[in-house]
Colleague: 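Got a structure for you, questions after.
A note on names: the letters A, B, ... follow the listed sequences, proteins ahead of strands, and every chain is numbered from 1.
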Amino acid sequence: MLDARLIRSNPEAVSEALAKRNSQISLDDFLALDQERRAIIQEVEQLKNKRNNVSQEIARLKRDKKDAADLIAEMGKVSAVIKELDDKVRDVDKKLREILLTLPNIPHESVPAGTCDADNREIRRWGQPAEFSFTPKAHWDIGEELDILDFSTAAKVTGSRFTFYKGLGARLERALFNFMLDLHVQKHGYTEIFPPFMVHRHSMEGTGQLPKFEEDAFRVAGTEYFLIPTAEVPVTNMFREEIINEDMLPMKYCAYSACFRAEAGSAGRDTRGLIRQHQFNKVELVKFSKPEHSYEELETLVQDAEDVLKELGLPYRVSLLCTGDLGFSSAKTYDLEVWMPSYQKYVEISSCSNFEDFQARRADIRFREGVKGKPQFVHTLNGSGVAVGRTVAAILENYQQEDGSVVIPEKLRPYMGGAERIAR
RNA sequence: GGAGAGAUGUCCGAGUGGUUUAUGGAGCUGGUCUUGAAAACCAGUGACACCGAAAGGUGCCGGGGGUUCGAAUCCCUCUCUCUCCGCCA
């Protein structure tokens, strides 16, 4: 959520910034409502002041056993007007908030201008894509041939875009998120969280999934609960409506969770394999930072996510998203893309963003500077550390052997009961 | 799911319609005393949001709505917490 004061004082700059991210939004309605709101408030507060004073006067008269009928009658009218104006303010406030909730974040100045992913800027690469002496297979074929991934049974039991993992496949999935959690907790100093997998509407609003993207989420019928699309939602909202002590910052959390996404509008895209599922596992990194340090925190967050891929020996690149490709809530995002031999390209496996105070303002997450300082909004950041299903896909494809077996990355073997290879 | 109790400022905790526009304590800040600290004593300090150029004003006692000239206090409703019962991993 953007600061209403910023829009009020600098509307041209705001609409310019929003235009850069393909968001042609007029702020005229907002500005008109904002002005109306302040006019009504001034009027109604004067009346309330009068009412408060006269009520004291009535109390005094009653104590002295004097007649107050005239004043009471007069205040009856004043109160009726106050009620009317209060209703108006409430109505205008609601409209203003609705507008604010649909405005995306303003991109950071270091974000390149652009309209789509072709305009994203590659920052660095790590690792060499493996040369195969044979034609590498896609992970869904590898997985089915090894009998560790079963898509058709999942389709029978649940539907498309779900998967059964079996045997060492299931073990690999579990090994990966345990490995990732240990890495972030022990090496990178994050505090581990195991969050609820459902949240209420306000939390979804707090991190920016709602109200605009409701069709992307799964809602539990008959309830107000949503299945979380990422652990970012429950973990960031842990501190909703809180004022954090300055000396607690920065705070770093990592959380495993299953993630649920309706993938509305993705029909026909990545229909095979593990890349685009309605349910997948992910280890998420979440940071709360003081504003002046949030961009340093973003860089280390990206490095922490990269470390997962380095330890697993998976070639990847880091790209900086352009203004047009930026997520709704984000001010700046780096994507980590892992090399996927069957695609012959890099595929997104992590997305690391600084939301600045956009989420904090929606969820009301603040901190206090010093003992007497005024509370101000924190900056929130998060990134996948990393998506587990896509990591399985990447391992199967990058570590596949000519005989159809898959070598297990060394760092993962302790988590796999010492197994070195998955074979038929 | 049933029955009951509760939610007040950073914390504890008073307060059932008008000198409460929130009592008292703890805490916090400063001071006295002390070699220093603690204790004691004295003084100060009350969240947060909004409107306003400012002076100042308005709102806020879990959330929302209502009654009233006036609500922390009365009514309705929702959420959460606790106790007991039932059910359950």
Side-chain angles (χ1 to χ4, degrees), chain A residues 1-10 30-101 194-206 210-211 219-220 222-226 234 237-249 258 357 359-378:
Chain A
M1 190 156 65
L2 301 179
D3 185 356
R5 266 172 287 221
L6 175 71
I7 303 177
R8 187 187 300 154
S9 62
N10 223 336
F30 179 87
L31 292 169
L33 282 168
D34 181 60
Q35 200 160 27
E36 187 186 347
R37 170 175 176 272
R38 285 181 295 152
I40 302 170
I41 284 178
Q42 285 180 41
E43 191 183 347
V44 76
E45 288 192 349
Q46 255 177 38
L47 290 175
K48 283 180 179 175
N49 183 229
K50 183 175 180 187
R51 181 178 71 183
N52 286 344
N53 291 331
V54 176
S55 286
Q56 299 276 323
E57 179 66 23
I58 292 172
R60 225 178 344 259
L61 290 173
K62 289 222 163 189
R63 256 198 313 279
D64 298 344
K65 307 265 189 255
K66 289 184 184 152
D67 179 49
D70 286 355
L71 284 178
I72 288 176
E74 189 193 341
M75 284 307 101
K77 285 181 206 150
V78 170
S79 279
V81 176
I82 287 175
K83 184 186 260 181
E84 216 174 282
L85 292 177
D86 268 345
D87 286 346
K88 246 194 232 174
V89 172
R90 200 178 303 150
D91 187 51
V92 170
D93 266 339
K94 200 175 152 218
K95 285 183 187 154
L96 279 170
R97 185 170 168 83
E98 274 166 15
I99 294 175
L100 277 177
L101 284 175
F194 192 94
F197 289 3
M198 296 184 216
V199 295
H200 58 49
R201 177 174 292 277
H202 301 292
S203 291
M204 291 285 276
E205 244 175 46
L210 294 183
R219 159 114 172 260
V220 180
T223 74
E224 271 297 310
Y225 293 143
F226 292 82
N237 279 284
M238 285 201 298
F239 294 94
R240 59 178 301 113
E241 291 147 44
E242 298 278 340
I243 298 175
I244 300 163
N245 280 332
E246 179 184 23
D247 51 18
M248 298 279 289
L249 297 173
D357 63 5
Q359 294 180 327
R361 183 171 275 114
R362 288 175 159 239
D364 195 17
I365 307 171
R366 293 174 293 175
F367 76 101
R368 192 190 303 280
E369 201 141 26
V371 189
K372 290 271 171 205
K374 243 185 107 60
Q376 47 184 309
F377 292 111
V378 299

Colleague: Tell me whether Gln376(A) at atom CD has more than 12 heavy atoms from other residues, nucleotides or ligands lying less than 6.0 Å away.
Modeller: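 Enclosed.
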
Colleague: If we call it a pair only when both distances are under 3.5 Å in a Watson-Crick or G-U wobble match, what pairs with rG44(B)?
Modeller: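 When the pairing criteria are applied, rC28(B) turns out to be the nucleotide that pairs with rG44(B).
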
Colleague: For Arg240(A), is there an ion pair with Glu205(A) - N to carboxylate O distance below 4.0 angstrom?
Modeller: no

Colleague: In whole Å, what separates the C1' atom of rC51(B) from that of rG65(B)?
Modeller: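 Taking atom C1' in both rC51(B) and rG65(B), they lie 24 Å apart.
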
Colleague: I'd like the P distance from rC48(B) over to rA43(B), given in whole Å.
Modeller: 26 Å

Colleague: Between rC48(B), rG66(B), rC69(B), which nucleotide gets closest to the side-chain atoms of Arg368(A)?
Modeller: rC48(B)

Colleague: Report the nucleotide, chosen from rC69(B), rU58(B), rG18(B), that has the shortest atom-to-atom distance to any side-chain atom of Arg51(A).
Modeller: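 Of all the options, the side chain of Arg51(A) is nearest to rC69(B).
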
Colleague: Closest approach to the side chain of Asn49(A), judged atom by atom: which nucleotide of rG18(B), rG66(B), rU58(B) is it?
Modeller: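 Closest nucleotide to the Asn49(A) side chain: rU58(B).
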
Colleague: Side chain to side chain contact (heavy atoms under 4.5 Å, CB included) with Val92(A): which of Arg37(A), Arg97(A), Arg38(A)?
Modeller: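 The side chain to side chain contact (heavy atoms under 4.5 Å, CB included) with Val92(A) is passed solely by Arg37(A) among Arg37(A), Arg97(A), Arg38(A).
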
Colleague: How many Å lie between CD1 on Ile72(A) and P on rG17(B), as a whole number?
Modeller: 17 Å

Colleague: When the C1' atoms of rG15(B) and rG31(B) are compared, how many Å lie between them, rounded to an integer?
Modeller: 33 Å

Colleague: Could you identify the nucleotide paired to rA7(B), looking across every strand shown and requiring Watson-Crick or G-U wobble geometry with both distances under 3.5 Å?
Modeller: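 Pairing partner: rU79(B).
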
Colleague: Looking only at the side chain of Ser79(A) (C-beta and beyond, no hydrogens), which of the listed nucleotides rG70(B), rG65(B), rC50(B) gets closest?
Modeller: rG70(B)

Colleague: In Watson-Crick or G-U wobble terms, both distances under 3.5 Å, what is the partner of rU68(B)?
Modeller: none

Colleague: Compare the minimum distances between each of rG65(B), rG59(B), rC69(B) and the side chain of Ile58(A), then state the nucleotide with the smallest one.
Modeller: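 It is rC69(B).
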
Colleague: Phosphate oxygens OP1/OP2 of rG18(B): is one of them under 4.0 Å from a side-chain N or O of Arg60(A)?
Modeller: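 No, because none of the side-chain N or O atoms of Arg60(A) sits under 4.0 Å from OP1 or OP2 of rG18(B).
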
Colleague: Would you mind reading off the distance between Gln42(A) atom CD and rC50(B) atom P, rounded to a whole angstrom?
Modeller: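 To the nearest whole Å, that distance equals 15 Å.
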
Colleague: When the C1' atoms of rC84(B) and rA72(B) are compared, how many Å lie between them, rounded to an integer?
Modeller: 30 Å

Colleague: Is a donor-acceptor pair below 3.5 Å formed from side chain Glu45(A) to base rG57(B), judging by atom type as modelled?
Modeller: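 Yes, a donor-acceptor pair under 3.5 Å.
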
Colleague: When rounded to the nearest Å, what value does the distance between P atoms of rA38(B) and rG30(B) take?
Modeller: 12 Å

Colleague: State which of rC51(B), rG66(B), rG70(B) makes the closest approach to the side chain of Ser55(A).
Modeller: rG70(B)

Colleague: Is any side-chain N or O of Asn52(A) closer than 4.0 Å to OP1 or OP2 of rG59(B)?
Modeller: yes

